[in-house]
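Numbers restart at 1 for each chain; the letters A, B, ... are given by sequence-line order, proteins then strands.
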There are 2 protein chains.
Amino acid sequence: MAILFGEHIRELRTKQSMLLRQLASQLDVDTSIISKVERGDRQLKKEQIPLLAQILKADVEELQTLWLADQLYNMVQGEPMADEALKSVSKQIKKTK
Amino acid sequence: MAILFGEHIRELRTKQSMLLRQLASQLDVDTSIISKVERGDRQLKKEQIPLLAQILKADVEELQTLWLADQLYNMVQGEPMADEALKSVSKQIKKTK
DNA sequence: ATTGTCTTGACAAATATTGCCAAATATAAT
DNA sequence: ATTATATTTGGCAATATTTGTCAAGACAAT
């Protein structure tokens with residue numbers, strides 16, 4: 001279970017004294033979803049990130065990067081060959097660019 | 001669309017003069033699926049890899065690594081922050097180990 | 001033109017994800 | 001301890017995605 005993204009969101013939210021339900025309503029989702037997102041047992045949809053960034057006055061790209069990292073982490077976590085696969089993909093995308 | 005895994009499979013299969021339908025039947029899927037897998041527009045299920053490795057007399061871990069790399073590639077491809085996210089995950093899994 | 005192999009697209013079945021709700025659990029104030 | 005407020009958790013239905021099957025098409029070789 002990934003946590004980088006959720007921890008970051010929670011920090012941004014609490015620093016602004018914003019309640020779960022306030023963030024949730026602005027993002028148009030149920031409070032429980034934000035709770036789960038912040039604790040890492042639920043992922044937001046990619047398309048929700050820009051609005052989330054706006055609400056939290058955060059950098060969109062940073063959030064997108066954290067979000068993506070969480071997805072990747074979920075995919076490789078527990079896999080013995082995780083690191084090798086990650087490196088191989090790094091190389092691959094450099095080539096294709 | 002990822003291709004590392006598929007290319008590798010096709011090479012292993014053809015070098016043994018094995019037909020798509022032979023591989024498919026042993027793996028208990030339709031021929032069309034293997035065709036698509038080899039061309040990279042379909043992913044096998046993770047659980048199918050060990051049997052596939054056995055059929056092709058290939059190294060399970062190598063295939064699993066390639067398979068995982070393909071999944072990751074599909075996830076990050078086209079994302080501007082792909083590389084940063086990949087690196088961040090690499091660091092993260094080293095910590096947790 | 002026939003046969004054998006591979007490819008492609010459409011569809012249904014199986015799985016997984018998402019949002020919603022209600023109940024449970026904290027947290028804080030009085 | 002009671003109340004009020006905030007957060008967490010789990011179950012379920014709706015939705016979306018993935019997987020497998022089938023049938024038709026492309027391509028070679030003969």
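Under 4.0 angstrom from either OP1 or OP2 of D/dG20 there lies at least one side-chain N or O belonging to B/Gln48. Here B/Arg42 does not reach the OP1 or OP2 of D/dT17: none of its side-chain N or O atoms lies under 4.0 Å away. At C/dG19, one or more side-chain N or O atoms of A/Lys45 fall inside 4.0 Å of OP1 or OP2 (strictly under the cut-off). B/Arg13 has a side-chain polar atom (N or O) that falls below the 4.0 Å cut-off from OP1 or OP2 of C/dC6. Phosphate contact (OP1/OP2 of C/dT17, side-chain N/O of A/Gln71, threshold under 4.0 Å): absent. Contact annotation: A/Arg39 reaches the phosphate of D/dT9 (side-chain N/O to OP1 or OP2, under 4.0 Å).
At whole-Å resolution of the value, CG in A/Leu23 and P in D/dA6 are 14 Å apart. Look at CD1 on A/Ile34: it is 14 Å from C1' on C/dC20, rounded to the nearest Å. A straight line from CG of B/Asp41 to C1' of D/dG20 spans 14 Å, rounded to a whole angstrom. Between the P atom of D/dG20 and the CG atom of B/Leu27 lies a distance of 9 Å, rounded to the nearest Å. Nucleotide C/dG4 holds its P atom 12 Å from the CG atom of B/Leu19, rounded to whole Å. Atoms CG (B/Asp30) and P (D/dC22) sit 7 Å apart, rounded to a whole Å. B/Ile33 places its CD1 atom 16 Å from the P atom of C/dG9, with the value rounded to the nearest Å. In this entry the distance linking CE of A/Met18 with P of D/dT5 reads 20 Å, nearest Å.
Side-chain N/O atoms of B/Ser32 and base N/O atoms of C/dC6 include no donor-acceptor pair closer than 3.5 Å. Looking at A/Lys36, its side chain comes within 3.5 Å of the base of D/dG10 through a donor and an acceptor atom.
Using a 4.5 Å heavy-atom cutoff, the side chains of B/Trp67 and B/Leu4 are not in contact.
Checked against C/dT7, D/dT8, D/dT19, the side chain of B/Leu20 finds its nearest nucleotide in C/dT7.
Shown here for B/Leu56 and B/Met18, the closest heavy-atom pair between the two residues is CD2-SD, 4.2 Å. Summarising the geometry of A/Leu52 relative to A/Leu44, their closest heavy-atom pair is CD2-CD1, 3.8 Å, with the distance given to 0.1 Å.
At the heavy-atom level, A/Gln22 lies nowhere under 4.0 Å from the strands shown.
Heavy-atom distances to DNA chain C give each of A/Asp28 and B/Ser35 a nearest nucleotide, and the one nearer the 5′ end belongs to B/Ser35.
A salt bridge is absent between A/Arg39 and A/Glu7; no separation between the charged side-chain nitrogens and carboxylate oxygens falls under 4.0 Å.
Hydrophobic clustering of Ile, Leu, Val, Met, Phe, Trp and Tyr side chains at less than 4.5 Å, counting indirect connections, unites B/Leu51 with B/Leu68.
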